[in-house]
Amino acid sequence: MISAPPDIFRVGINLPQVMDSPHGLIAFAVFASLSGLWLAKRFSVAKNIPGPPSASFFTGNLLQLVAPETGRDWQLNANKVHEGVARIRTLFGGSALLVNDPKALHHILVKDQDIFEEWPAFTATNALLFGDGLVATIGDQHKKQRKMLTPAFSIKHLRGMTPLFVSIARELEQHISSMVRTQPIEIDVTPWLNRFALEVIGKGGLGHSFGKLSQHNDFSAAAKDLAASVSVLVPGAPLTPWFKYLGPAQFRRFILKLIPWGLLQRLVDIVNIMDAEVHKIFAAQQKALDAGVSDEGEGKDIMGILPTDTTSGAIARLLHLLALNPDVQSHLRHEVVQAFHHQDEAIDFSNVSALPYLDAVVRETLRVYPPIPTIFRQALKDTVVPLLHPITGVDGEIMKEVYIEKGTDIFINILGSNHHPKTWGGDADEWKPERWLTDLPDSVLRNRELSGVYSHQMTFLAGKRACIGFNFSQLEMKVALAILIQSLEFSLPKDKEVGWNVGLLMTPVIRGSNSIHGQLPLVIKKLD
Ligand code: HEM
């Protein structure tokens with residue numbers, strides 16, 4: 001088993017600390033010169049658009065944006081103070097736009113989606129880590145791959161997969177129940193939820209089991225560490241498109257192995273573990289196909305999608321909120337027990353999707369706490385983007401639209417969009433499941449600019465690159481909750497405070513542990 005050196009995931013590995021070590025300093029110098037060239041053209045971007053003051057010439061506002069403990073509030077406030085479009089500072093005086101205005105987002109993600117493409121650093125990083133799958137491609141190649149994958153996420157397909165989801169959730173419940181049978185105990189639920197989500201994607205998507213949920217496996221540990229490792233390396237992301245010019249994959253791996261930086265080495269290990277497992281899966285599938293074994297109904301055509309911990313993070317957030325709000329937890333348990341009477345076979349796609357309170361809890365959780373807070377885009381040419389809510393420029397001019405130069409980086413503020421007070425009202429920041437049980441305000445229902453694929457929110461984004469798995473993930477969350485909540489009660493540990501760190505994904509951590517390694521300790525009691 002390959003495991004991470006203990007201090008790799010400490011919060012302290014951020015840009016300032018990297019610069020404290022000789023290796024970090026050399027890496028930073030290379031990074032700085034390349035990034036300087038890369039950013040030279042960006043000094044003039046959107047000068048009249050107001051934004052927060054730059055915190056540092058070297059890193060602008062980037063370290064505030066991704067600061068583990070405070071980044072979430074910073075992202076929310078930046079768009080509250082500076083309304084729907086804020087100019088933020090990036091590396092070496094460069095600028096980018098942080099956007100949450102509904103009309104601007106509609107243009108960027110839907111209407112003018114061909115002008116705003118994925119960040120090259122994002123697709124390049126995905127290509128380097130996972131190969132040329134959907135998340136690493138753009139343009140026609142992306143369109144083609146997406147068209148091939150879409151049927152695998154249809155409602156018809158998900159209906160067929162529901163019993164499989166139920167049986168995996170039941171396996172999870174049984175393992176947890178066996179640990180808490182005699183008395184309530186504290187359990188870190190993150191590895192369990194991660195193995196659950198992996199098994200759901202493995203069996204549901206690839207027809208492949210990653211092993212028993214009760215057993216540690218390297219792949220699941222690698223998947224769990226992946227987002228944390230990549231998040232810490234985000235400030236170096238502009239370098240990744242250059243990295244492919246270093247030579248073939250074998251050579252690049254050789255070069256990486258020479259760099260004595262624990263975090264990078266862990267990332268190489270993670271990629272190697274995933275690569276080996278994916279090759280095993282391909283070989284097994286090829287064998288099955290050669291033997292004429294049908295894969296119908298198991299959704300093996302979701303091949304190429306890497307399992308992520310977005311959904312396991314969302315389930316963790318749901319359990320944490322239920323532990324924080326025992327009344328909501330009891331109400332939810334009552335609804336689910338009434339509907340299913342502890343009988344797994346009573347659960348199907350339609351009835352688990354239609355439970356009003358379960359649905360409200362899930363929608364509100366995804367709105368207030370989107371697992372991915374920010375997504376990046378880049379303008380491929382000069383363009384003008386209209387605003388729903390005009391802003392006041394630095395020179396006092398009222399701006400109903402913003403001019404965006406070719407090459408401008410756009411930070412889609414998913415979090416800020418879901419909390420927009422002019423859309424969701426003055427209580428937008430509050431977690432209130434009951435908001436979904438009454439009529440939503442006109443500012444939501446009659447707002448044609450709210451183009452998110454899911455429930456008027458940006459959580460799964462909008463347009464041609466919106467999350468293809470959002471129905472899959474809804475089903476997974478609802479089935480897991482419906483099974484766990486019937487027989488288990490979740491409460492908070494007395495001696496630990498859980499916080500959620502910002503990164504590429506939101507990650508639960510124990511406050512004061514100084515680690516970004518995901519942990520969510522909950523006290524779990526078996527109900528009679
Ligand atoms: C709560 C859980 C999830 C959230 C919040 C989420 C969110 C997102 C977001 C925001 C994007 C857009 C990324 C971008 O444009 O750069 C995305 C893309 C994607 N998601 Fe999800 N996702 C979730 C679960 C899933 C699941 C369970 C699957 C697969 C089974 C999945 C598969 C994908 C794929 C393949 C893409 C790329 C789509 C494309 O480029 O066309 N997601 N997701």
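Counting convention: from 1, in listed order, for ligands and their atoms alike.
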For this session: Ignoring hydrogens and angles, state whether a donor on the side chain of R159 or S154 is under 3.5 Å from an acceptor on the partner side chain.
Result: no

Exercise. Are any of the N or O atoms of T311 closer than 3.5 Å to those of ligand 1?
Worked result: no

Exercise. Can you tell me if R170 and Q174 form a side-chain donor-acceptor pair at under 3.5 Å?
Worked result: no

Exercise. Ligand 1 versus F376, non-hydrogen atoms closer than 4.0 Å: side chain, backbone, both, neither?
Worked result: neither

Problem set entry | Atoms in ligand 1 with a heavy atom of L461 nearer than 4.0 Å | 12 (C), 15 (O)

Exercise. Should you measure from each heavy atom of M477, which atoms of ligand 1 turn up under 4.0 Å away?
Worked result: 1 (C)

Exercise. Is the NZ or CZ atom of R195 positioned over W192's six-membered ring, under 6.0 angstrom from the centre and within 45° of the axis?
Worked result: yes

Exercise. How about F376 and F116: are their ring centres within less than 6.0 Å of each other?
Worked result: no

Exercise. Looking only at distance, does E476 have an N or O less than 3.5 Å from an N or O of ligand 1?
Worked result: no

Exercise. Can you tell me if F153 has a non-hydrogen atom under 4.0 Å from ligand 1?
Worked result: yes

Exercise. Counting heavy atoms only, which part of P371 comes closer than 4.0 Å to ligand 1: side chain, backbone, both or neither?
Worked result: side chain

For this session: State, with a plain yes or no, whether a side-chain heavy atom of V99 is found less than 4.5 Å away from one of V402.
Result: no

